[in-house]
Every structure is written in C-alpha cells, then in structure tokens.
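A quick write-up on the structure given underneath.
Residue numbering restarts at 1 for every chain, and letters A, B, ... go by the order of the sequence lines. Scope of the values below: all heavy atoms of this structure, side chains included, with no hydrogens, waters or symmetry mates.
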2 protein chains.
Amino acid sequence: MAGVNAGGERKERARFRRQAPEDRRRQLGEAALRCILKHGNAGVSVRQIAAEAGVTQGLVTHHFGEISELVAYAFDIMSGSLLQALMDAVAAAEPTPQKRLDAFIEASFSPVLFDRDVLGVWVVFWGLVLHSPRMSASQQGEYSDYVAAVERLLGDLAASEEFAIGNVRLAAIAFTALLDGLWLAWCLNPSSFRPEEGVQLCRNWVKGLRLGAHG
Amino acid sequence: MAGVNAGGERKERARFRRQAPEDRRRQLGEAALRCILKHGNAGVSVRQIAAEAGVTQGLVTHHFGEISELVAYAFDIMSGSLLQALMDAVAAAEPTPQKRLDAFIEASFSPVLFDRDVLGVWVVFWGLVLHSPRMSASQQGEYSDYVAAVERLLGDLAASEEFAIGNVRLAAIAFTALLDGLWLAWCLNPSSFRPEEGVQLCRNWVKGLRLGAHG
DNA sequence: TTTGTTGTTATACGATCTTATAATTTCTCT
DNA sequence: AGAGAAATTATAAGATCGTATAACAACAAA
C-alpha cells in the first residue's frame, strides 16, 4: 500500500524535543501559573495549560494523571518561591532582630508580593484547598512553614528587647493574619489604603507587641 | 392532525407557578449561594443553579442575562446578611463602647460567620472580584460599609476611654484585616488555632490600641 | 546501525457548559 | 369571560472540558 498518498501531501507530525520528566513537570507547572494568573479559575484547564506550555493535552495526563495533581504542584512552586523571596529579604538585612523583622514587613508590601496578580493565583488555590484533600495537605505544610518563620522573627525580637510574649505561636498567627488580611483588602480594593500605610499598620502591631499587648 | 397521539401519551409541559421577578431573583440568588457552597467554583453554572432552584435554565437568562449578574446579586445578598448578623449582635449588647466592640469580636468568631462553608463562598466571590468590574463595584461598596462600622466602634471606644488613635480609618482597616486574616487562616487550616484563641488575639489587638500603638 | 524505551502527538468520545430562540402557560386587567 | 403581557418551559447549536487510547518519534544504549 505504499505510495497511496499520490498527491504527496503527507500529514506531518509536529516535531518536538524530548525532555526529562522533571523539567517538563516544571514547565507545565509554570504554564499553569500563567494560565491561572491570566484567567483565574477559568484558567484551570488541561487544554489551556497545555497550549500555554506549547504541548498537547495528552502530555499533562502523562505527567500528572489528574489535573488536580498539576495544580497542587503549581501551588508548591508558587508558595516556595514567595516564601523564598521573603526570606531572602530578611537575610539581606542587617542581622539584628529589629532590622530583620522590619525587612520582612517591607518585603511583604513590596510589589513582588503585594500584587493583585499574585492574589488572583492565591484565591484560586484557596478555593481548591477547601475542596481537595490533596491541596489541603500542601497548604498545611506551607502555612506552617510560614508561621514558623514569623514565630522565629518575633521570638528573636522579644528575646533581644526583653519583653514578654505569652504565646509566640499565637502571636505569629495573628501577625500573619494581619499581613494576609491587609494584602487581601488592598488587592480587592487598591484605593482603600497605600502600601506604605500597610507597612505602618504592621509596625503599629509590633509596637503593641512591645507594649505588652500579647503578654 | 388531531388525534395523532393515539396512545393518549401527550407530552405534558411541567406546571409552574408564576412569580414576581423580585421573588424569583432572590430564589435564584439563594440557589446560587447553595451551589457555590456545595461545589465551590464548579458550582457557578447556569444549569446547576437552575436545577437547585427547581427551574429551567432559560429562567436564569431571562432574569439576569449573563450569569455574572446573578453571581453579583448573590454576593450582595450574602454580604448584606453577614454584616447584618454582626450588627445585630452589636445591637444586642449592653450599650457601652466596650461591650459593643467585644460583641462584634465574639460574633465574628461565632459559628455563623467563622465557618469554612462561608469562606468557600467568599473565595469564589473574591476570584470574580479580581476579574469582573461588576463584582468589583459590589465589593467596594460592601467593604466600605464594613470598615465604616468598625471605624465607628473603635472611634466610640477611643472617645469613651480618652485614648488617642492617629487615624481611625486606618486602624479600622487593620482590625478588619486581622479579622479576615484569622478567618481565612482558620478556615484553610482549622487545626492551627481555636476560635476562642482568635477572640483573644483580637482583644490583644484592642489592648495594643489602648496602649497607644496606633497613636 | 539497530533496537528498545518512553516522551509526545494525534484523535476520539461523552459529558457539560453558555447562549439563543420558539412554544406555552400563568396571571392580571378589562 | 376573554385577551394580552410576561414568566416559564422546552429544545437546539456550538464550544469546551476531562479522560482514554493508539500511533509515532526522539533519544540512549548496545
């Protein structure tokens, strides 16, 4: 049956470069983040993500099975990268507890984190966390890493300045909540306050801590 | 052509009760809330909402046009009802600024509001607010109502106890952010702290306010 | 050069979604 | 009682989605 295509119009398959699963998974994860960033919940779709990554849909299934696995992976990428950015800022500060905490606060309100797009991605994740055990597991781990980092910053400050904090873990949870809440409020309604005012509000919280509000 | 259906099995149209547009809109809005509550973002669908309300899909289009209009309407219902519940609790408290604020805090952590299901609905709304001007407009109005209520509570307290608050509006924004952040954290990870601890953290924030942290 | 593994494309199927349109019933008003 | 308005049902068309499966091609190793 050779030569059946007399017209010579042989259907050509798309060429591709074969890649290590590790690399491909990351590419797909980052494509997923871009899709979610652009279209919110509507961006969570095998087809859209595959197109964004420039591959076919089957590849997503091949590497991740269910799509929720891909989204969870993207969540881990994003979460790790944000916490890393924060801790880099802390590490770059002068090594006193005061400067380190303040660097953490300022970095939290810097354009890298304090960004509507970032919240857009986050909100999608939250929605999934509430309905998917797999996402919930990721979230728990990442939240506790975050709170632990804050706890260390606050604990060091208290030790250095010799004031008392009744329960450092709870204080860290409150401070984290304040940061998240301000982030949320500002992203949903950027005209409600300016980022510098957000920094000031966080500093005021720390001021209250120093004055013994959490003793 | 009469009598073609010899078997007598005439296709009967479903009976229905005609209702005032106002009533129907509300029914559909509440059905939308139940759908979102049950299925998250996946619950935002004309078909599902219509089924939940016990009507056909066309009715949604008829009353709301685009589905985003229905969701925005549902958002208004929910938002109004939550703020109302809070203000009812405040009104039921003894009429001193201290008791009123405390009632506000306690109500915020009561099962009516401090609820994973409620957050699930909220998260869906946030996701839409970030991508839809119509939803954003609703959110702005409702957020400013909320902050105004908090502002009044804090202002009254400060006036009554004669301590200073540099910028009451900003303080109200911070307090609101703390509440929202704690709500968010707890719903995403209920084992991180107990509601009573959340109440305590808010009281501590007020304590800091009294001590002049926001002076 | 050849063979085998597996990353990747291509394609199909069934379900669900949004939107549009026509037919029909309910209710009100005269 | 009858007619008209509009609320509601019914149905269809086209798009998109998730998942499964088979064929193909790139690369490594022999």
Handout entry: Residues, nucleotides or ligands: over 12 heavy atoms within 6.0 Å of A:Glu22 CD
Key = no
Problem - Presence of donor-acceptor pair under 3.5 Å, side chain of B:Arg13 and base of C:dT25 - result: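 A donor-acceptor contact between them is absent.
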Any idea which of [options] is nearest the [X] side chain?
| X | options | answer |
| --- | --- | --- |
| A:His63 | C:dG7, C:dT9, D:dT9 | C:dG7 |
| A:Ala14 | D:dT9, D:dA7, C:dT9 | C:dT9 |
| A:Val55 | C:dC27, C:dT8, C:dT9 | C:dT9 |

Handout entry: Phosphate-side-chain proximity, A:His62 and C:dT8, N/O vs OP1/OP2 below 4.0 Å
Key = no
Report the distance from atom [atom1] of [X] to atom [atom2] of [N], rounded to the nearest whole Å.
| X | N | atom1 | atom2 | result |
| --- | --- | --- | --- | --- |
| B:Ile49 | C:dT19 | CD1 | P | 12 Å |
| A:Phe64 | C:dG7 | CZ | P | 13 Å |
| A:Arg15 | D:dA26 | CZ | P | 8 Å |
| A:Phe16 | D:dC27 | CZ | C1' | 10 Å |

Problem - Short side-chain to backbone donor-acceptor contact, A:Glu69 and A:Glu66, under 3.5 Å - result: no
Exercise for the section: Report yes or no: does A:Arg100 contribute a side-chain atom to a donor-acceptor pair with the main-chain N or O of A:Pro95 at less than 3.5 Å? Expected result: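 Not confirmed, A:Arg100 side chain does not pair with A:Pro95 backbone.
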Show each protein N/O and nucleotides 17-21 of chain D N/O combination with a separation under 3.5 Å, one pair to a line.
unit_1: D:dC17; atom_1: OP1; unit_2: A:Ser45; atom_2: OG; d: 3.4
unit_1: D:dC17; atom_1: OP1; unit_2: A:Gln48; atom_2: NE2; d: 2.9
unit_1: D:dG18; atom_1: OP2; unit_2: A:Val46; atom_2: N; d: 2.9
unit_1: D:dG18; atom_1: N7; unit_2: A:Arg47; atom_2: NH1; d: 2.7
unit_1: D:dG18; atom_1: O6; unit_2: A:Arg47; atom_2: NH1; d: 3.2

Handout entry: Exercise: do A:Gln200 and A:Asn204 side chains pair donor with acceptor under 3.5 Å
Key =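 Checked: A:Gln200/A:Asn204 side chains pair up, N/O donor to acceptor below 3.5 Å.
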What nitrogen or oxygen pairs link the protein and nucleotides 2-4 of chain C at under 3.5 Å?
none

Handout entry: Residues in ring pair (Phe, Tyr, Trp, His ring centres under 6.0 Å) contact with B:Phe175, at least two apart in sequence or another chain
Key = B:Trp205
Practice task
Inspect the contact between B:Glu106 and B:Lys99 and indicate whether a charged nitrogen and a carboxylate oxygen are less than 4.0 angstrom apart.
Solution key: no
